[in-house]
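Working notes, structure below.
Just so it is clear, the structure is predicted and the values come from calculations on it, not from any experiment. These values consider heavy atoms only, across backbone and side chains, with no hydrogens, waters or symmetry-generated copies.
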Amino acid sequence: MSRFLVTGGAGFIGSALTRGLLAQGAGRVVVVDNLTSGHERNLDEIRGNVDFHNTDIRDYDATRAAMTGVDIVFHEAAIPSVPRSINDPIPSHDVNINGTFNVLRAAKDAGVSRVIYAASSSAYGDSLTLPKVETMPTNPKSPYAAQKLMGEYYMSVWTSCFALETLSIRYFNVFGPRQDPGSEYSGVLSLFMTAVLDRRPPTIFGDGGTSRDFTYVEDVVALNLKAAQVPSSACGRTYNGGNGGRVTLNEAWALLQKIEGVSIPSNFGPERAGDVRDSQADTTDACKYLGHDPHFTFEQGMRATLDWYRENR
Ligand code: UD1
């Protein structure tokens, strides 16, 4: 059995991935997280099977030490959010680019065989057509998008220059249990769900016609687990990790009101700088080469997440 390490393993996606690895029989998982946006409580039920390192990925020596004996690294640690990267660009640059560089360097030096990277659909920017396919030119509209794309380039050259297997999976607005709704930079669905449970209006930036390919976290976890096992021939490139659907912000808020049986008109604010208008994944390559097979409809994911917030908030 391979030994796995998850950077950002105390975060929303990273902790779900850590649970997925253990459920699949990993035995123990190494988690690297500096708890800036992750929380140790996200690992509560599995703490006994986690080797937790309170480590910043910008610290090469500590990251390298955590990787000793590790075969496969899932690199989820990042400072997310498009608007945060505009309002406060230095930390996101430092973590998302320099941190990613360190993770690759440490992985190579530690003899890791494969790194699977959480890339972002924001790399596409506003494309002329939908869905977005990996062969399209990239067009980042924010520092965050540019940083995440830089990470993909680094993954690819670590494969070509240093023989380290890498795969980049572009996430498309992942949502689900444990997504932290506690900041203005939180994912929009976490903010919408806590708003509907509190019976207060959310703020929609723009006219509400902005659309996203919201992807349930368990589908992203399943995809990562498969990416760890695909043959080497599938490595060295980028895949869309979306669901393949497209939902507008107005539709998402309408569905939440319907589920809860309430009528709460949303507030509207100006469109945010750096926002992409529409996002939808072409998942052909991920399905073909990685066995991607998303199971959760948007409504199923929303209901499961809403239940979680109701019980755990
Ligand atoms: C972007 C990336 C995504 C990445 C994420 C990490 C794109 C297409 N996607 O997500 O791959 O994982 O960054 O942070 O760029 N909004 C509201 N009200 C709110 C909050 C947000 O209307 O209270 C709007 C935003 O302005 C945006 C949409 O909802 O139009 C989604 O925002 P958000 O959840 O922050 O994610 P993206 O920026 O789309």
Salt bridge [X]-[Y], side-chain N to carboxylate O under 4.0 Å:
X      : Y      : answer
Asp307 : Arg310 : yes
Arg246 : Glu251 : no
Glu45  : Arg178 : yes
Glu152 : Arg237 : no
Lys132 : Asp282 : no
Arg3   : Asp51  : yes
Glu134 : Arg170 : no

Counting C-beta onward and ignoring hydrogens, is there a side-chain heavy-atom pair between [X] and [Y] closer than 4.5 Å?
X      : Y      : answer
Val6   : Val32  : no
Asn243 : Tyr216 : no
Leu306 : Val196 : yes
His75  : Met155 : yes
Val73  : Arg114 : no
Val276 : Val82  : no
Tyr185 : Pro83  : yes

Between atom [atom1] of [X] and atom [atom2] of [Y], what is the distance when rounded to the nearest 0.5 Å?
X      : Y      : atom1 : atom2 : answer
Ile79  : Ser37  : CD1   : OG    : 7.5 Å
Leu256 : Thr305 : CG    : OG1   : 9.5 Å
Glu40  : Arg47  : CD    : CZ    : 5.0 Å
Phe4   : Asp71  : CZ    : CG    : 7.5 Å
Thr100 : Tyr154 : OG1   : OH    : 10.0 Å
Leu249 : Phe268 : CG    : CZ    : 9.0 Å

Query raised in the report: How far apart are the C-alpha atoms of Arg84 and Glu184, what are their side-chain angles, what is the distance that settles it, and do they pass the salt bridge (charged side-chain N to carboxylate O under 4.0 Å, His left out) test?
Result: CA-CA 9 Å; Arg84 177 156 40 194; Glu184 59 176 312; over 6 Å; no
Is a side-chain N or O of [X] found less than 3.5 angstrom from the main chain of [Y], in a donor-acceptor match?
X      : Y      : result
Asn224 : Leu17  : no
Tyr309 : Gln179 : yes
Asp207 : Glu271 : no
Thr7   : Glu76  : yes
Asn102 : Ile57  : yes
Lys226 : His292 : no
Thr138 : Ala123 : no
Ser186 : Asp180 : yes
Ser15  : Gly11  : yes
Asp126 : Arg277 : yes

Shared hydrophobic cluster for [X] and [Y] (ILVMFWY, side-chain gaps under 4.5 Å):
X      : Y      : answer
Phe74  : Val70  : no
Ile46  : Ile13  : yes
Leu5   : Met1   : no
Val188 : Tyr124 : no
Phe296 : Trp308 : yes

Requested in this report: Using the six-membered ring of Tyr60, assess whether NZ or CZ of Arg105 lies under 6.0 Å from its centre and within 45 degrees of the ring axis.
Outcome: yes
Query raised in the report: Checking Arg58 against Phe101: charged group under 6.0 Å from the ring centre and within 45 degrees of the axis?
Result: no
Are [X] and [Y] close enough that a side-chain donor and a side-chain acceptor fall under 3.5 Å?
X      : Y      : result
Gln147 : Ser85  : no
Thr159 : Thr166 : yes
Asn34  : Thr36  : yes

Which pair of heavy atoms, one from [X] and one from [Y], lies closest together, and at what distance?
X      : Y      : result
His295 : Asp219 : N-OD1, 2.8 Å
Pro80  : Tyr144 : CA-CE1, 3.5 Å
Phe12  : Asn42  : N-ND2, 4.3 Å
Pro140 : Leu149 : CG-CD2, 3.8 Å

Query raised in the report: Would Phe175 and Phe298 count as a close aromatic pair, with their ring centres under 6.0 Å?
Result: yes
Query raised in the report: What about Tyr153 and Trp158, are their ring centers closer than 6.0 Å?
Result: no
Report task. With salt bridge (charged side-chain N to carboxylate O under 4.0 Å, His left out) as the test, would you mind laying out the steps for Arg313 and Asp198 before giving the verdict? Result -> CA-CA 11 Å; Arg313 213 153 45 105; Asp198 291 345; 3.1 Å; yes
